[in-house]
Amino acid sequence: MSSIVLFGPPGAGKGTQAERIMVETGLPQVSTGDMLRASVKAGTETGMIAKGFMESGQLVPDSVIIDLIKERILEPDAKNGVMFDGFPRTIPQAEALAEITAVTHVIAIEVPDGKIVERICGRFSCGVCSRVFHDLFNPVGPDGCPCGTLEEKRRADDNESTVMSRLNTYHEQTSPLADWYRSKGIFHSVDGDRAIDKITGDILIALKK
Ligand code: ADP
Ligand code: ADP
């Protein structure tokens, strides 16, 4: 079992690329953000712990995240590996991951901070199929969502003040992971400030290295 990691700041396009890379690699997307939002909605103990951290743009404690991942990785669809989106976000998370599965590629999607707010504030997704859209950059086509039913959903933390706090958290606690993975020789950087399809092409090339 070997896995890949999509790495980058909030709004870099990790989820958008995961949708596309999943089709090419067959690896299921594992988004800790999505798992936490489901836990909050279901009112589980994990959700109750996570809620305040998420609303303020802080990281949820490592122990909570690592337990979620340990459980997720046991699901049958993960037997050949997974594509992590938004995990790991700290060095202790990466160390725990190394004990669970071999990571072959870490793909960093690079987007300048100045572009992040407009990306996040225009983001919405389909509540039925979870596809990610943007008011300006990736709008829903004239026929609606490809799944046939668009139930527009916007995240509570996708607002300007929380974005600034999420970006600070990223620079302070998550970006040091880039050097950690670079030292292991599995880190690949792609320019995320271009058309979505071009980025997908670069990621597929990086995955062959
Ligand atoms: P984005 O894709 O915009 O970066 P996510 O959906 O990945 O946002 O995460 C939303 C929130 O969930 C984060 O701001 C954080 O509070 C929490 N979260 C998600 N993944 C992790 C993680 N690996 N470690 C700690 N907190 C996390
Ligand atoms: P992340 O999972 O890293 O938080 P998303 O994939 O949810 O990021 O993308 C954030 C927002 O930016 C979404 O509204 C998405 O449609 C949009 N987006 C993604 N990739 C691009 C791109 N290359 N150019 C412009 N907008 C993009």
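For the numbers below, each heavy atom of this structure counts, side chains included, while hydrogens, waters and symmetry mates do not. Both ligands and their constituent atoms are indexed starting at 1 by order of listing. On a predicted model such as this, the values are computed, not experimentally measured, just so you know.
By the criterion of side-chain heavy atoms lying less than 4.5 angstrom apart, applied directly or through intervening Ile, Leu, Val, Met, Phe, Trp or Tyr residues, Ile91 is grouped together with Tyr170 in one hydrophobic cluster.
Taking any N or O of Ala12, backbone or side chain, at least one lies under 3.5 Å from an N or O belonging to ligand 2. Considering backbone and side-chain atoms alike, Gly15 places an N or O below 3.5 Å from some N or O of ligand 2. In terms of polar-atom proximity, Pro88 is not counted as a contact of ligand 1, lacking any N or O under 3.5 Å from an N or O of the ligand. Considering backbone and side-chain N/O of Ser31, none are found under 3.5 Å from N/O of ligand 1. Looking at Pro9 next to ligand 1, no N or O pair under 3.5 Å apart turns up. For ligand 2, the polar-atom distance check against Ala195 finds no nitrogen or oxygen pair separated by under 3.5 Å. Between Gly11 and ligand 2, an N or O atom pair is found at a separation short of 3.5 Å.
Looking at Ile65 against ligand 1, only its side chain comes within 4.0 Å, counting heavy atoms. Counting heavy atoms under 4.0 Å from ligand 2, residue Ile199 touches it through the side chain alone. Contact annotation: for Gln58 versus ligand 1, heavy atoms closer than 4.0 Å belong to the backbone alone. Using a 4.0 Å cut-off between heavy atoms, Arg194 contacts ligand 2 through its backbone alone, with no side-chain atom that close.
Nearest to atom 8 (O) of ligand 1 among the protein's heavy atoms is Arg155 NH2, 3.1 Å. The shortest contact between atom 25 (C) of ligand 2 and any protein heavy atom is with Phe137 CB, 3.5 Å. Closest protein heavy atom to atom 14 (O) of ligand 2: Phe133 O, 2.7 Å. Nearest non-hydrogen protein atom to atom 24 (N) of ligand 1 is Gln93 NE2, 2.9 Å. Looking from atom 26 (N) of ligand 1 to the surrounding protein, the closest heavy atom is Val60 N, 3.1 Å.
When side chains are defined from C-beta on, Ile196 does not count as touching Phe137, because their heavy atoms never get closer than 4.5 Å. Inter-residue side-chain proximity for Pro139 and His134 is flagged as unmet; no heavy-atom pair is nearer than 4.5 Å. Within the 4.5 Å cutoff, the side chain of Val64 has no heavy atoms near those of the Phe53 side chain. A 4.5 Å side-chain heavy-atom check between Phe87 and Ile69 finds at least one atom pair inside the cut-off. Side-chain contact check for Ile109 versus Phe7: every heavy-atom pair is 4.5 Å or farther apart.
Nearest to atom 27 (C) of ligand 2 by heavy atom, out of Glu118, Gln29, Arg119, is Arg119. Among Arg89, Arg166, Met54, the residue whose heavy atom lies closest to atom 9 (O) of ligand 1 is Arg89. Of all the listed residues (Leu36, Thr16, Thr32), Leu36 holds the heavy atom that lies closest to atom 18 (N) of ligand 1.
His171 and Asp113 share a side-chain donor-acceptor pair at under 3.5 Å. For the residue pair Thr162 and Glu55, no side-chain donor N or O sits within less than 3.5 Å of a side-chain acceptor on the partner. The closest side-chain donor-acceptor pair between Ser189 and Glu110 falls under 3.5 angstrom. Under 3.5 Å, the side chains of Ser3 and Thr101 contain a donor-acceptor pair of N or O atoms.
With respect to Lys198 and Asp193, no salt bridge is recorded, no charged nitrogen being found less than 4.0 Å from a carboxylate O. Ion pairing of Glu151 with Lys153 is absent here, as no side-chain N (NZ or NE/NH1/NH2) approaches a carboxylate O to less than 4.0 Å.
Interface atoms of ligand 1 facing Lys14, defined by a heavy-atom separation under 4.0 Å, are 2 (O), 4 (O). Distances below 4.0 Å separate heavy atoms of Gly86 from the following atoms of ligand 1: 20 (N), 21 (C), 22 (C), 23 (N). Heavy-atom contacts of Arg37 reach the following atoms of ligand 1: 6 (O), 10 (C) (cutoff under 4.0 Å).
A distance-only check finds a donor-acceptor pair linking the side chain of Arg20 to the backbone of Thr16 [under 3.5 Å].
Ring geometry for Phe124 versus Phe133: interplanar angle under 30°, hence parallel rather than tilted (30 to 60°).
For the ligand labelled ligand 1, residue Arg123 lies inside the 4.0 Å heavy-atom shell.
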